[in-house]
Amino acid sequence: CAANCHTKGCHLLCHDDVIGTRKVSYIIYLTDPDTAWTDVDGGRLELYDNFDEEKDDDDDDDDDDDDKKGKSDKDEAISNNGRKVPGVIPCKTILPTFNSLAYFVVTPGVSFHSVQEVFCDRPRLSIQGWYHAKEAPSDIENATLNRLKSTAKGEDTEGSFMPLSQIVDNGNEKKAAAVAAAAASSKDDDESLSPSDKSYLAKFLNPTYLQDKSIDEIRECFENESSVQLRHFFNEEWSSKVKSATSLMDENDKLGKDHRRPSSSSVEYDVGVCDKWIPVGPAHKQRFLEYVGDDDDDDVEDDTKDDSPSSTAGSLLCSMKRSVFESDAFGRWLKSVTSLGMPEGHRGRVRRFRPGLDYTVAHYGILTTSSVLDATMCFVAGKGDQCKYDEETGDLIGSDDDAIWDSGDVGGFECYIAADEGEGEENEADDEYNEDNDTKLLSVSASDNTLSLVYRDPGTMRFVKYVGSGAPSSRWDLSLEYSVIDDDDDEEEEEEKEEEEIETQESGQCQPHSRNV
């Protein structure tokens, strides 16, 4: 057994407690006996229903996959192999009342539970322990940790890559055709960034990022680091629209800096959920909201569409995703700033991470089978400015929203870690959720109106750290992956082929000449 002290901000993500021969898990709560622990204090034990694991049929079309993706509770899972997954939100919660006992049978892939974030300043004290069986369960391969490390590469990615779209200017086909024709005639090939591309992107982006000097500087940085973060990425018009829409939705949902816990109520698990913003699980891998509004909702100029805060924020972000990040003009801009090849396709989603609720977990199912370019467009409370640190102490200077996000204390940052190649190592139940990991390669703090570009190889996982209840706002992002081919790799392959041909010719001058086919 062990004594646990969860202080303000502490939490434990969803897992099943299966390690070795554990059979029954128990918790004795020793919270303050003089002041009753209430719902607003947080720290509840959260229990989850479990359902048959969903597995997409390779023959299913994309529409079916989209319909299944992110559904919660009993509609979320489709039987395939008898393995279980937890729902997106708990089915029952238990307050850590003084001198009370909670216990449950430890079953691989079934006994899913978590500990809600502690919102108050009082410690959540408990004694936790396990009764053990003589042998490990026969189906231990279904345990949370084993499954997080055994999932096939690509199993949990966001579907197939879709081709980039031609430039379309607010439905004006005649003008779009003229723009496309001008673009084709003004460049040497269809993968070069043209003046017409810049003209189109200038409607959305900060003009600084379209200047040749800036493009050269970004490319040099990316070539050296394989990543770059671009602040104040969208122009004032579009960034202001997003700020207004997302702030209004946070305010309506009572989330963010003006509604930090503890308050008159605890966090509601379904806050922000509606027919267009659905919760995505399962909880042992992730929880966040995804916007799934129809394409008709994405026209921000349409006065007849739903103008509720939830629809406005979602449709605005979705419109930006479609008009900018899915356009061939942006693909050519990416090629210019990264030195990678022209993106062959894209996939992604519009996400919202709510304070006190949402996160993703690094697991093998999100490993890709080939290298991809991650483009994550983040929107949060703050100005998106670069934070300053004391040169002598290294301490973060300031306490504004930007500094709060940059500190990492409220989570919301995206972290890249190397997949563990070792096998047979026994991990503690919460090791997968430990941010102090020596395999960390890169950490990108949440920052308003900031685009993060990261070249990710097949051996790298990423996750968004749980967003704490003290966060200044929700983390809103457009998370995209681009299928790209590194031009340098192509050049190296060509050089190797040429060298092999020369060696063959030199070594076989007296032999019959053979042609490469």
**Fill in**
Distance col, row Y48:OH vs C14:SG, nearest 0.5 angstrom, shows 5.0 Å

**Message:** Given 3.5 Å as the limit, does a donor-acceptor pair link the side chain of D16 with the main chain of G109, or not?
**Reply:** yes

**Request:** State the CG-CG distance between L357 and L255, to the nearest 0.5 angstrom.
**Result:** 7.5 Å

**Message:** Using a strict threshold of under 4.0 Å (side-chain N to carboxylate O), is an ion pair present between R83 and D52?
**Reply:** no

**Request:** Applying side-chain contact (heavy atoms from CB on, under 4.5 Å), run through L193 and K198 and close with a yes or a no.
**Result:** CA-CA 7 Å; L193 186 66; K198 291 183 179 181; 3.9 Å; yes

**Item:** Salt bridge R124-E117, side-chain N to carboxylate O under 4.0 Å
**Value:** no

**Prompt:** Do side-chain atoms of S244 reach the backbone of K241 as a donor and acceptor pair under 3.5 angstrom?
**Reply:** no

**Item:** Non-hydrogen side-chain atoms of L441 and I417 separated by less than 4.5 Å
**Value:** no

**Request:** For F379, enumerate each residue passing the ring pair (Phe, Tyr, Trp, His ring centres under 6.0 Å) test, keeping only those at least two apart in sequence or located in another chain.
**Result:** none

**Asked** What distance separates S239 OG from F233 CZ, expressed to the nearest 0.5 Å?
**Response** 12.0 Å

**Item:** Any donor-acceptor N/O pair, N235 side chain to F204 backbone, under 3.5 Å
**Value:** yes

**Prompt:** Is it true that a side-chain atom of S111 and a backbone atom of V106 form a donor plus acceptor pair closer than 3.5 Å?
**Reply:** no

**Atom pair CH2 (W405) and CZ (R475), whose distance is rounded to the nearest 0.5 Å** = 8.0 Å

**Prompt:** Can we say R122 and D41 salt-bridge, meaning some charged N sits less than 4.0 Å from an Asp/Glu carboxylate O?
**Reply:** yes

**Item:** Cationic N near anionic O, under 4.0 Å, K465 to E414
**Value:** no

**Asked** So, N206 versus T208: side-chain donor-acceptor pair below 3.5 Å or not?
**Response** yes

**Message:** The criterion is side-chain hydrogen bond (donor to acceptor under 3.5 Å, both in side chains); which residues satisfy it with S474, sequence neighbours excluded?
**Reply:** D250, R352

**Asked** For the side chain of E53 and the backbone of V85, is there at least one donor-acceptor N/O pair under 3.5 Å apart?
**Response** no

**Prompt:** Does some side-chain heavy atom of Y455 sit less than 4.5 Å from a side-chain heavy atom of L340?
**Reply:** yes

**Request:** Any chance you could measure Y200, atom OH, to L205, atom CG, to the nearest 0.5 Å?
**Result:** 10.0 Å

**Fill in**
Between the CE atom in M342 and the OG atom in S483, the distance rounded to the nearest 0.5 Å is 12.0 Å

**Asked** Taking the side chain as C-beta and beyond, is there a heavy-atom pair between D401 and V380 under 4.5 Å?
**Response** no

**Item:** With sequence neighbours excluded, residues passing ring pair (Phe, Tyr, Trp, His ring centres under 6.0 Å) with H346
**Value:** none

**Asked** Is any side-chain heavy atom of Y466 closer than 4.5 Å to a side-chain heavy atom of H11?
**Response** yes

**Asked** Can any side-chain N or O of T360 pair as donor or acceptor with the backbone N or O of V464 at less than 3.5 Å?
**Response** yes

**Request:** Kindly say whether T312 contributes a backbone atom to a donor-acceptor pair with the side chain of S315 at under 3.5 angstrom?
**Result:** yes

**Prompt:** Does Y359 have its ring centroid less than 6.0 Å away from the ring centroid of F463?
**Reply:** no

**Any W37 side-chain heavy atom under 4.5 Å of C120 side chain** = yes

**Heavy-atom check, side chain of L480 versus side chain of Y482, under 4.5 Å** = yes

**Message:** Please check: side-chain N/O of S240 versus main-chain N/O of E236, any donor-acceptor pairing under 3.5 Å?
**Reply:** yes

**Message:** Can you classify the ring geometry of H113 versus H15 as parallel (below 30°), tilted (30 to 60°) or perpendicular (above 60°)?
**Reply:** tilted

**Asked** Hey, are the side chains of F234 and V324 touching, using non-hydrogen atoms and a 4.5 Å cut-off?
**Response** yes

**Item:** salt_bridge(E290, R351) N-O dist < 4.0 Å
**Value:** no

**Side-chain (T450) to main-chain (D448) donor-acceptor, under 3.5 angstrom** = yes

**Asked** Hey, mind stepping through N4 and H6 against side-chain hydrogen bond (donor to acceptor under 3.5 Å, both in side chains) and telling me if it holds?
**Response** CA-CA 6 Å; N4 292 325; H6 289 88; 5.4 Å; no

**Asked** Between D385 and R231, is the closest basic N to carboxylate O distance under 4.0 Å?
**Response** no

**Request:** Run the numbers on E46 and T93 for side-chain hydrogen bond (donor to acceptor under 3.5 Å, both in side chains), then give the verdict.
**Result:** CA-CA 5 Å; E46 302 171 319; T93 62; over 6 Å; no

**Message:** Taking G382's backbone N and O only, do any of them form a donor-acceptor pair with K243's side chain (distance below 3.5 Å, no angle check)?
**Reply:** yes

**Message:** Any heavy-atom pair between the side chains of F119 and Q116 that's under 4.5 Å?
**Reply:** yes

